[in-house]
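Worksheet: one structure, shown below.
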Amino acid sequence: MKTLLKSLCLFSLLINSIIFAQTTTKSTFQVKGNCSMCKERIESAAKKTGAKTANWTAETQKLEIEFDATTTSADEILKEIANVGHDNEKYSATAAVYENLPSCCHYEREPSFLKKEISAKPIKQDNQFYVRGNCGSCKARIEKAAASAGADSSNWDADTQIVTLNFDPAKTSADLILKKIAEVGHDNEKFTTKDATYNNLPDCCLYDRTLPLGVKSDLVHHEEEPALKKDFSQNADHFDKSIEEVRLTKLEQATALSKKETGLTFNIGTKELLKAACCNLSESFETNATVDVSFSNAVTGTKQLKMLGLDQKYTSLTKELLPSIRGIASPYGLNLIPGRWIGGIQLTKGGSTVVNGYESITGQINTELLKTQEQPETAVNFFADVHGRVETNITATSQLNEHWNQSVLLHGNATLGKTDSNNDGFLDQPTGNQINAAYLLNYNDLEHSGFGTHFGISFVKDQRFGGQTAFDKKIDRSQQSAYGVGIDLSRFEIWNKTGYMFKDKPYQSIGWMNQFTTHHQDSFFGQRNYWGNQNTFYSNLVFESIIGNTNNKFKTGASFLYDQYDEDYLTQDYKRTETVPGVFFEYTLTGLKYTLVAGARTDFHNLAGTQFTPRVNFKYDLTPKTIFRLSAGRGFRTANVFAESQQYFASSRQIEILGNGGKIYDLKPEIAWNYGASIQQEFKLFNRKATLVADFFRTDFQDQVLADLDLSPQKLVFYNLDGKSFANSLQTQLDFTPAKNLELRLAYKYYDVQADFIGGKREIPFMAKNRGFFNASYSTDKNNKGAFWNFDSTLQLIGQQKLPNLNSNPENYRLPEYSKSYATLNAQISRTFNKNIRAYVGGENLTGYMQNNPIIDVENPFGNYFDAGMVYAPIMGANVYLGLDFTF
């Protein structure tokens, strides 16, 4: 009996094994995701649809499943996984479902696993009809319309694009039902919806009207992607967005506040940059509410940025994540990066990562240059304005072979017209010219060897002449009585970034960045000469890996910065060499709803001593649409008092330094702590997506180098802070789309910036406490040739500003305590005729507001009261420009 029972059991097991072997299928599929929340969601969806086992791995983006082919299928499992929000090799999640995922789960959707192919039409029955649509909202709308037209029941399937109708022919007809469906916005095989009705559908429902009826593209609808450039390859996930991660990536969408970044980071793309003239980097923020841009003085025509209520020198300005506009390059470096060279800008408010250095105090602005796209592209731009400025840009990107691609960037400009809007005898902007060239070479073989590298070289020569209209640059200064200004700049850069991803370990990589820069300035301001030269070498080695799993990541490495300065001011010669080796470590902890990035670096500065720089950023997703951020960090920098104060060279002010034993100009290095908090809220306004962001940042200084303009109108005095200095910045910003193709941006900023100067606490001059911002952009729909119009306008309201005390001057040469409030308006209209030709015309300062008498004692430029540095408002009237773009 026992033997019989054992035999029966063995036979039963054998039969079950055979049956199981015949019906159980093992398969592996690619599924997109990021974190442990994604893993749980994907595996739960697979098991819910009938998978016996499911295992998804973030590092490989692969899902391994076992299922009984008699009860379910791989197709059904992958469809359910897409339904819960995860693109895979057969189905894409709808935009609405994807957007509702927690921000830590927002994977990169491009490149897609899917290929954009048109599949064969499915077979349909007599009571079935083709109806176009995309998503669940489409399904509800179509079936509701069918019911209102008399259908007893209806079922629309997004994959087959077929609606199945059941109705009583005595009461209604297929034609009546399909006509009603078209009236609510859905093309079908009998009727076509009106354009106005289609355009009013939610974004997720805007199906592709160019496909044949009954065919759905394998890619779900997305809004048109800005023409951001990719570095090296479209298939890898990281690298040139952040070289320290040694990965290749496509930049984030333009003008968007990143939901994934732990810090408050805005991504500005070429689509945004084309909304304004954008001749150079200083003009790239006219439609951005975070950065304030203003003229530095009434003679040189240059512009400076301010962020969080503080001068540009406290913001880390990088190019390709390498140090760029700093030191002697500070006053004019923004003019040396042409706008048409820019592929994207990443702007981070507050403390940035310690991986990129110690100088960032108020934030970081990183500029990415144009890289190759999927297809070779050559673009030519011509620009001219009514004040006599003309420029030409030529950019060419191309793929050399499977792994190599290149970019050639050329720029030339000239200011030929002599403009004196207020007839004070001084040019509003200098005349001159610039020649600029760069070459980028990229290699990418990350998919096979794990190796990638990026090489760049650039050179620029810029000459400017300003001052009185009677000044003649061809005549020796000693032979003429007119006041003149001459600025001759040259800059050469060469850099390389190389990365390696470890085989079968996509989370582990090593990268090395190196750059050499030489920047030269030879200039004069009346009888005042300034000559400066800076040679810089920068190197940064970064290793990235995980601790246990990808929820615990770290970056560590070492950097080296070498700066050699040589400056001549009047008859004084200032030389110094700064060498700064440093080490850093940064840890990233990712939870279900939060991300913590904590890092620290130690730098061994030969003149400033050992400096410890900790920084921390924290992001918490209160809901999928509500994000809270905190940040805190320390930064330090060595001041370059002459280069950073050139706006006051065109004056009678004598520079005086009250030293305290420091090793740089007899001054100590500047140290600052920055703290910030922000909340980001997405919601529906007019049934369309809107985003509200509110942030507050405070910066506290130690040993800040103050430039005191109040001690005497004839002096500019530098000294280290003895007391308190702080900057409070509050900003609220609303972005929303009240109608299709209409984008609005409103912002308000409040600044409170004060310091303990000699003589007491005072407000920092030239900083408006209140600023308002409004931007509107509207585009028409493209026609069948790809042509459309774009209209853009930006209104800025600038409140009162504290002005320097000039009360010891004669009454005619004084300023009020505060300036008047004023408004500026910029606008542009562009017409894209097709993918190859675009024309645009625009205006700046269309309100025509100009500062009265921007130059103190303009009649006597060599006298004791002359001062061209007291600028708080536009010094030029309305400017009108036009341009043409050709793409081949």
Side-chain angles (χ1 to χ4, degrees), residues 24-68 71-110 112-114 135-136 204 220 237-238 247 258-262 504-508 545-554 587-597 618-629 680 682:
T24 298
T25 302
K26 294 182 180 180
S27 299
T28 301
F29 300 96
Q30 291 180 298
V31 178
K32 289 200 171 185
N34 277 337
C35 60
S36 58
M37 287 181 68
C38 298
K39 179 178 175 68
E40 181 181 353
R41 190 181 302 109
I42 292 167
E43 293 175 358
S44 296
K47 292 175 182 178
K48 175 184 175 183
T49 322
K52 296 180 179 295
T53 64
N55 181 44
W56 178 81
T57 306
E59 289 76 15
T60 62
Q61 299 282 282
K62 289 182 179 180
L63 171 69
E64 297 177 351
I65 55 174
E66 292 183 353
F67 60 92
D68 187 342
T71 60
T72 188
S73 67
D75 196 71
E76 290 177 349
I77 293 172
L78 292 175
K79 182 186 289 188
E80 180 62 24
I81 289 172
N83 288 340
V84 299
H86 293 273
D87 295 351
N88 53 69
E89 61 185 69
K90 286 199 172 185
Y91 298 97
S92 284
T94 64
V97 173
Y98 171 81
E99 289 297 331
N100 279 326
L101 293 176
S103 62
C104 64
C105 298
H106 281 173
Y107 47 86
E108 293 287 347
R109 306 197 76 178
E110 297 293 343
S112 172
F113 290 143
L114 303 175
C135 59
C204 62
V220 297
D237 290 334
H238 304 283
R247 314 266 177 95
S258 174
K259 294 173 66 176
K260 294 174 63 176
E261 296 291 337
T262 313
D504 299 326
K505 295 182 179 180
Y507 53 82
Q508 186 167 292
S545 190
I546 63 173
I547 303 173
N549 56 56
T550 53
N551 290 336
N552 299 271
K553 300 179 181 179
F554 72 89
Y587 170 72
T588 300
L589 173 63
T590 303
L592 293 179
K593 292 188 176 183
Y594 65 87
T595 304
L596 172 69
V597 180
F618 178 75
K619 178 175 74 77
Y620 187 82
D621 297 342
L622 298 172
T623 72
K625 296 184 180 296
T626 306
I627 300 174
F628 177 67
R629 291 180 172 90
Q680 173 184 351
E682 293 183 356

Legend entry - Min side-chain heavy-atom separation Asn83-Val97 under 4.5 Å: no
Inset, instruction - List for me each residue that meets ring-ring contact (aromatic ring centres under 6.0 Å, His included) alongside Phe618, sequence neighbours excluded, and say none if there are none. - result: none
Inset, instruction - Examine distances only and state if a side-chain atom of Gln30 and a backbone atom of Glu89 form a donor-acceptor pair shorter than 3.5 Å. - result: no
Inset, instruction - Could you grab the distance from atom CD1 of Ile627 to atom NZ of Lys260, nearest 0.5 Å is fine? - result: 11.5 Å
Legend entry - Partner of Gln680 under side-chain hydrogen bond (donor to acceptor under 3.5 Å, both in side chains), chosen from Lys259, Lys625, Arg629: Arg629
Inset, instruction - Applying side chain to side chain contact (heavy atoms under 4.5 Å, CB included), name anything that partners Ala82, two or more places apart in sequence or on another chain. - result: Asn88, Tyr91
Inset, instruction - May I ask you to check whether Asn55 and Lys62 show a side-chain donor-acceptor distance below 3.5 Å? - result: no
Inset, instruction - Let me know which of His106, Lys32, His86 forms a side chain to side chain contact (heavy atoms under 4.5 Å, CB included) with Tyr98. - result: His106
Legend entry - Qualifying residue, where the test is side chain to side chain contact (heavy atoms under 4.5 Å, CB included) with Thr49 and the options are Thr71, Asp75, Thr72: Thr72
Inset, instruction - Taking the side chain as every heavy atom from C-beta outward, state whether Ile546 and Asn552 have any pair of such atoms under 4.5 Å apart. - result: no
Inset, instruction - Measure the spacing between OH of Tyr620 and CG of Leu592 and express it to the nearest 0.5 Å. - result: 9.0 Å
Inset, instruction - Compare all side-chain heavy atoms of Glu43 with those of Ile65 and state whether any distance is below 4.5 angstrom. - result: no
Legend entry - Inter-residue atom distance Ile42.CD1 - Ile77.CD1, 0.5 Å rounding: 13.0 Å
Inset, instruction - Quick one: list whatever passes salt bridge (charged side-chain N to carboxylate O under 4.0 Å, His left out) with Lys79, sequence neighbours left out. - result: Asp159
Legend entry - Set of residues satisfying salt bridge (charged side-chain N to carboxylate O under 4.0 Å, His left out) with respect to Lys619, sequence neighbours excluded: Asp621
Legend entry - Partner set under ring-ring contact (aromatic ring centres under 6.0 Å, His included) for Phe29, not counting sequence neighbours: none
Legend entry - Side-chain (Arg109) to main-chain (Ser92) donor-acceptor, under 3.5 angstrom: no
Legend entry - Lys48: salt bridge (charged side-chain N to carboxylate O under 4.0 Å, His left out) partners, not counting sequence neighbours: Glu80
